[in-house]
Colleague: 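Pasting a structure below so you can have a look.
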Amino acid sequence: MKTKILILFLLFNLFACQQIPKQETDKNNGQIVIDEIGREVKINTEPKRIVSLAPSITEILFALGLGERVVGVTSYCNYPSQAAKIAQVSDTLHPNLEMIISLKPDLVLISTASQLEQFMAKLSEVGIAVFVIKSQSVEGVLNSIELVGQITGHKLQARSLVESLRARLENVKKQNQEKTPPKVFFIVGTEPLITAGKPAFVTDLINLAGGKSISDDVAAEWPAYSVESVIARAPDIILSPGDHNFDTSDRESAKALLPKGLEVTPAVVNGKTYKIDGDLILRPGPRIIDGLEEMAKIFHKKEK
């Protein structure tokens, strides 16, 4: 059950884009923009009332100085602290459509295309624009921040933020370019053992932070992974964001929390099992670079 809840949490938060789509201005004081799944969406030039249906999107909006325009969020939107004071429209996968309509937004931002069908039918009837943002890479997140700035009239703020984040990203890459990447096993859930595959956002983050995910060749996003496979690939580091967290300060406790058999891996033998704040690495928003920097410290903490 814990594994299912954590996987749903991951799906709630993963989004991004590959490039900034073209923008056109229509004759009725609006803009027509292509969203992240290829839909043509008409949006007010500067939307004043925005509903965010993902914690990552909420964080982007606040980082761009748009917090005062956000009138609705999900129950998972807990950062920054001001987000907790905004009306909650239920969770990401089961939003309260009636409540959203009652908030009279001129823009709804979502991160899961699965929401699209049920939203469009009802929200389009009352003239509410629904814009989808979807991503699986760190570079995509930076582009998506610029996209949100574009559709909200905050291009300059977005550009400034992205330049700052990109400089920090490049600094991490530069610091690690001559270091040997430790082999990393990322645990999403333990019953069954679930990890991150090639399409998962966190896999890109691990590799950019100077590590090498042992499961980055798996086609599935969140695949089940056998203990035997982990042992065979001999990870140097085991990392987890879940409620089954463990820490190297108590090696015996770490062994007890891990699936039986992993105690023979170099990560456990050498006391390199770590926990990390899931909000920093599983929410593809501005704080991903905080997560990147934290990972880089973990991966190379004993290197001079």
Colleague: Can you tell me how far the CG atom of Asp277 sits from the CG atom of Asp290, to the nearest 0.5 Å?
Modeller: 9.5 Å
Colleague: How long is the span from the CD1 atom in Ile60 to the CG atom in Leu109, to the nearest 0.5 Å?
Modeller: 9.0 Å
Colleague: Show the nearest heavy-atom pair for residues Pro259 and Glu263, with the distance to one decimal.
Modeller: O-OE1, 4.3 Å
Colleague: List in chain and number order the residues that pass salt bridge (charged side-chain N to carboxylate O under 4.0 Å, His left out) with Lys198, two or more places apart in sequence or in another chain; answer none if no residue qualifies.
Modeller: none
Colleague: Looking only at heavy atoms, which two atoms of Ile231 and Gly261 are closest? And how far apart?
Modeller: CD1-O, 3.5 Å
Colleague: With a 4.5 Å heavy-atom cut-off, do Ser160 and Gln157 have their side chains touching?
Modeller: no
Colleague: So Asn96 and Ile100, do their side chains get closer than 4.5 Å, heavy atoms only?
Modeller: no
Colleague: When hydrophobic residues are tied together by side-chain contacts of less than 4.5 Å, even through go-betweens, does Leu103 share a cluster with Ile110?
Modeller: yes
Colleague: Tyr274, Val172: one ILVMFWY side-chain cluster at the under-4.5 Å cut-off?
Modeller: yes
Colleague: Mind listing the closest non-hydrogen atom pair of Gln150 and Gln31 along with its distance?
Modeller: O-OE1, 3.8 Å
Colleague: Could you tell me the separation between the OH atom of Tyr76 and the CZ atom of Arg283, rounded to the nearest 0.5 Å?
Modeller: 10.5 Å
Colleague: Going only through I, L, V, M, F, W and Y residues with side-chain contacts under 4.5 Å, is there a path from Val89 to Tyr79?
Modeller: no
Colleague: Give me the atom names and distance for the closest heavy-atom approach of Ile276 to Gly291.
Modeller: CD1-O, 4.2 Å
Colleague: Does any non-hydrogen side-chain atom of Pro55 lie less than 4.5 Å from one of Asn78?
Modeller: no
Colleague: Hey, what do you get for CE (Met295) to CZ (Phe186), rounding to the nearest 0.5 Å?
Modeller: 6.0 Å
Colleague: Determine, stepwise, if the pair Val51 / Val71 fulfils side chain to side chain contact (heavy atoms under 4.5 Å, CB included).
Modeller: CA-CA 6 Å; Val51 168; Val71 296; 4.0 Å; yes
Colleague: Using the side chain to side chain contact (heavy atoms under 4.5 Å, CB included) criterion, which residues pair with Val162? Sequence neighbours excluded.
Modeller: Leu142, Ile145, Glu146, Arg166
Colleague: With a 4.5 Å cut-off on side-chain heavy atoms, are Val41 and Val130 touching?
Modeller: no
Colleague: Is there a side-chain contact between Arg69 and Leu61 in this structure, where contact means two heavy atoms from C-beta onward sitting under 4.5 Å apart?
Modeller: no
Colleague: Run the side chain to side chain contact (heavy atoms under 4.5 Å, CB included) test on Ile101 and Leu123 for me, step by step, so that the C-alpha distance in whole Å, both residues' side-chain angles and the decisive distance to 0.1 Å come before the verdict.
Modeller: CA-CA 7 Å; Ile101 293 173; Leu123 297 186; 3.6 Å; yes
Colleague: When Ile187 is tested against each of Leu239, Thr273, Ile238 for side-chain contact (heavy atoms from CB on, under 4.5 Å), which residue passes?
Modeller: Ile238
Colleague: Using a 4.5 Å cut-off on heavy atoms from C-beta on, say whether the side chain of Tyr225 contacts that of Ile214.
Modeller: yes
Colleague: Within a 6.0 Å radius of atom CZ on Arg159, are there more than 12 heavy atoms belonging to other residues, nucleotides or ligands?
Modeller: no
Colleague: Tell me whether Asp204 contacts the main-chain N or O of Ser137 through its side chain, where contact means a donor paired with an acceptor under 3.5 Å.
Modeller: no
Colleague: Hey, quick one: are Leu156 and Leu66 part of the same hydrophobic cluster, counting side-chain heavy atoms closer than 4.5 Å, chains of contacts allowed?
Modeller: no
Colleague: Would you say the side chain of Pro235 lies within less than 4.5 Å of the side chain of Lys272, judging by non-hydrogen atoms?
Modeller: no
Colleague: Start with the C-alpha gap between Thr265 and Phe185, add the side-chain angles, then the distance that decides, and say whether side chain to side chain contact (heavy atoms under 4.5 Å, CB included) holds.
Modeller: CA-CA 10 Å; Thr265 62; Phe185 180 58; over 6 Å; no
Colleague: Rounded to the nearest 0.5 Å, what's the gap from CZ on Phe62 to CD on Glu68? Could you check?
Modeller: 9.0 Å
Colleague: Nearest 0.5 Å please: distance from the CD1 atom of Ile151 over to the CG atom of Asn44.
Modeller: 11.0 Å
Colleague: I need the minimum non-hydrogen distance between Ile237 and Ile298, along with the two atoms involved.
Modeller: CD1-O, 4.1 Å
Colleague: Which heavy-atom pair separates Ala220 from Pro223 by the least distance, and what is that distance?
Modeller: O-CD, 3.6 Å
Colleague: Is there a side-chain contact between Ile57 and Val148 in this structure, where contact means two heavy atoms from C-beta onward sitting under 4.5 Å apart?
Modeller: no
